[in-house]
Amino acid sequence: MQIKDLRIHSIAMADPPLRSSYGLHQPYALRNIVEIESVDGITGIAETYGGENPRAALEKLREQILGADALRLLGDLQPLVHGEGGGSERSQVNLVPGENPLDTSARTYAAIETACLDLVGKSVGKPVCDLIGGRVREKVSFSAYLFYKHAGGGGEGEDARKDEYGECLTPESMVRQTQQMVQQYGFKSIKLKAGVLDPDQEIETIRQLRQEFGSDFPLRIDPNSAWKLETSLEVGRALKEELSNGGYLEDPCAGLDNLATLRQQLLSEGIDTPNASNVAITSFAHLPENVRKDAVQVILCDHHYWSGMRQVQHLGKICQVFDMGLSMHSNSHLGVSLMAMSHVAAATPHLTYDCDTHYPWQSAEDEIVEGGRIPIVDGFVEVTDKPGLGVTLDHDQLARGRERYEKCPYRKRDDTAEMRKYVDPNWERILPRW
Ligand code: MG
């Protein structure tokens, strides 16, 4: 499976004005689509972080990729797996996902691994999940991912999109948003992106969601480190009942020490709500300290920056050994990423929670896989017997994505700039805010 060509397509897709503690989503989210073609004319694909920096990191490896064997290449590129650094500076407290220079190598490796695995799968006629150890589930369950948002459906000018969900800046409108998303996709668990409104309002939102959906729907709240330790304790106490039954506090406050203290204090009060994280813990280097301190009980994996699918499987095993849960993180993405996430999830036995996905926030107009959007039915994505990731590129749609990228001014994700532009010219990301 000698590689004869590497093609990287920088694309943009409409993204609604979603809020988080990082600020506001820009009207377009960026992705890079990787194609790796073998001398047999078979092409493997991957989707990764967008804009200039991820593209440049991939371009740097062009010489090494061309002429290499798809599987030998992954062995040769192993040094990339470890990334540029460990320790707390590798966290995502201060940088949006995809913009941390310390995990550039890990992200780059993941994109190449995914494309190579897809290439191998398509060459031998086998699905990726079965190549990486075999599926332990036929379909993968995802969670509804709710955001406070301003009015608007994303895109700009003539490309402005329909606002499917409307403005949502109150508990009541969040209940409506959730009803709409759950009805459309059949999700059976709910994650609220928080750190946007006053904590009292966010507590009230979770309470109303619990009232509406009942205790069979696990509830998660993720303020991306916007709260102080004291505030996290208050929220943990206030939502003791609502976050039980499979819920968690996701990155309520920053740092493993704070998270460990939060856990100890809540436990001493009889509150067993676990801490989850994709901010304090972003790499293997964070795990020893975490195990020592029992700071985070549920790790959110993401093959896009945890150095690919097989490293996520290793992470799953470590979590199992140390009695930690494993969930999955998501960024704005299209169908190639959704299928890659589903394949790794299908082949990771110790995945103990429904995965996150932003997929409902993207529209059919932007989808780049042949046949259009991947169905999410009853909250599940099916991994079929189709070879590789089970999807191929729609090159007309890909060309439209490239055109959108060329036209739009964005070259990296910057939620602070967008917040200043549309909401508050003096906005600063204050951590902790409450
Ligand atoms: Mg998170």
Side-chain angles (χ1 to χ4, degrees), residues 1 3 6 8 32 34 36 44-49 53-66 68-92 95 97-121 128-129 131-133 277-291 299-322 324 326 328-329 331 336-337 340-341 343-345 347-351 389:
M1 280 166 235
I3 297 167
L6 165 71
I8 305 161
N32 281 302
V34 179
I36 288 182
I45 57 177
E47 177 183 341
T48 186
Y49 295 96
N53 292 337
R55 186 187 177 113
L58 283 158
E59 280 294 353
K60 253 188 180 169
L61 296 172
R62 177 176 290 277
E63 297 261 294
Q64 218 173 330
I65 293 170
L66 295 183
D69 178 278
L71 287 171
R72 282 287 289 274
L73 176 65
L74 297 179
D76 292 342
L77 295 180
Q78 277 288 319
L80 294 177
V81 164
H82 305 292
E84 284 76 3
S88 59
E89 80 282 3
R90 179 95 174 252
S91 81
Q92 264 171 216
L95 291 161
E99 292 298 335
N100 188 340
L102 296 177
D103 58 24
T104 299
S105 298
R107 282 183 265 130
T108 307
Y109 181 86
I112 295 167
E113 187 208 53
T114 302
C116 285
L117 287 172
D118 185 44
L119 172 60
V120 173
V128 165
C129 61
L131 284 184
I132 57 174
S277 180
N278 68 283
V279 170
I281 296 179
T282 66
S283 69
F284 289 94
H286 290 131
L287 295 178
E289 184 185 351
N290 184 59
V291 168
I299 310 284
L300 280 91
C301 67
D302 183 335
H303 76 275
H304 297 93
Y305 69 86
W306 274 88
S307 302
M309 297 190 189
R310 284 180 285 204
Q311 298 301 316
V312 162
Q313 291 177 305
H314 293 316
L315 175 63
K317 188 69 191 173
I318 293 172
C319 287
Q320 186 178 19
V321 168
F322 289 98
M324 295 183 282
L326 187 70
M328 190 184 281
H329 166 262
N331 272 129
V336 180
S337 273
M341 291 155 74
H343 275 269
V344 67
T348 302
H350 185 74
L351 182 70
L389 296 174

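As a basis for the values below, the full set of heavy atoms in this structure was taken, side chains included, without hydrogen atoms, waters or symmetry mates.
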Enquirer: Rounded to the nearest 0.5 Å, what separation is found between the OG atom of Ser283 and the CG atom of Asp103?
Expert: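 Ser283 OG to Asp103 CG: 8.0 Å, rounded to 0.5 Å.
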Enquirer: How far apart are the closest heavy atoms of Ala70 and Leu119, and which atoms are they?
Expert: CB-CD2, 3.9 Å
Enquirer: Counting only N and O atoms by type, is there a donor-acceptor contact under 3.5 Å from the side chain of Asn100 to the main-chain atoms of Ser91?
Expert: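 Yes, the answer is positive, given that a donor and an acceptor are paired below the 3.5 Å cut-off.
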Enquirer: Where do Ala280 and Ser277 come nearest, in terms of heavy atoms and distance?
Expert: N-OG, 2.8 Å
Enquirer: Is the CZ atom of Arg62 crowded by more than 12 outside heavy atoms at less than 6.0 Å?
Expert: yes
Enquirer: Could you give the distance from CD1 (Ile318) to CD1 (Ile299), rounded to the nearest 0.5 Å?
Expert: 9.5 Å
Enquirer: If you apply the rule side chain to side chain contact (heavy atoms under 4.5 Å, CB included), what do you find for Leu77 with Glu113, and how did you get there?
Expert: CA-CA 9 Å; Leu77 295 180; Glu113 187 208 53; over 6 Å; no
Enquirer: Can you sort out the partners of His304 under ring-ring contact (aromatic ring centres under 6.0 Å, His included), two or more places apart, ordered by chain and number?
Expert: none
Enquirer: If you take all heavy atoms of Val344 and Met328, which pair is closest and at what distance?
Expert: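 Result for this residue pair: CG1-CE, 3.8 Å.
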Enquirer: Determine whether the aromatic ring centres of residues His314 and Phe284 are separated by less than 6.0 angstrom.
Expert: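 Ring centroids of Phe284 and His314 are no less than 6.0 Å from each other.
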Enquirer: Can you check side chain to side chain contact (heavy atoms under 4.5 Å, CB included) on Leu6 and Leu61, steps first, answer last?
Expert: CA-CA 10 Å; Leu6 165 71; Leu61 296 172; over 6 Å; no
Enquirer: As an exercise, state the distance from OG of Ser307 to CG of Asp302, rounded to the nearest 0.5 Å.
Expert: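 Between atom OG of Ser307 and atom CG of Asp302 there are 11.0 Å.
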Enquirer: Please name the pair of heavy atoms, one in Tyr305 and one in Leu300, separated by the smallest distance, quoted to 0.1 Å.
Expert: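 Smallest heavy-atom distance, with atoms named: OH-O, 4.1 Å.
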Enquirer: Examine distances only and state if a side-chain atom of Arg55 and a backbone atom of Ile8 form a donor-acceptor pair shorter than 3.5 Å.
Expert: yes
Enquirer: Test His303 against every option in Val312, Leu315, Thr348, Thr48 by the side chain to side chain contact (heavy atoms under 4.5 Å, CB included) rule and name the one that passes.
Expert: Val312
Enquirer: Give the minimum heavy-atom separation between Ala110 and Gly308, together with the two atoms involved.
Expert: CB-N, 3.4 Å
Enquirer: Can you find a pair of side-chain heavy atoms, one from Met324 and one from Val291, that are under 4.5 Å apart?
Expert: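 The answer is yes, as the side chains (C-beta and beyond) meet within the 4.5 Å cut-off.
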Enquirer: Closer than 3.5 angstrom, by distance alone: can the side chain of Gln313 be matched with the main-chain N or O of Ile132 as a donor-acceptor pair?
Expert: yes
Enquirer: Indicate yes or no: at least one non-hydrogen side-chain atom of Ser337 is less than 4.5 angstrom from one of Thr114.
Expert: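 When only atoms from C-beta onward are counted, Thr114 and Ser337 do not touch, as no gap falls below 4.5 Å.
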Enquirer: Could you grab the distance from atom CD of Glu59 to atom CG of Asn32, nearest 0.5 Å is fine?
Expert: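 So the gap between those two atoms works out to 9.5 Å.
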Enquirer: Quick check for you: to the nearest 0.5 Å, what is the distance between Leu117 atom CG and Ile112 atom CD1?
Expert: 12.0 Å
Enquirer: Within a 6.0 Å radius of atom CD on Glu63, are there more than 12 heavy atoms belonging to other residues, nucleotides or ligands?
Expert: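 Counting other residues, nucleotides and ligands, CD of Glu63 stays at 12 neighbours or fewer.
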Enquirer: Closest approach of Met309 and Leu389, non-hydrogen atoms and distance?
Expert: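 Taking every non-hydrogen atom into account, CE-CD2, 4.0 Å.
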Enquirer: Just verifying a value: how many Å separate Met341 CE and Asn331 CG, rounded to the nearest 0.5 Å?
Expert: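 Here the rounded value is 9.0 Å.
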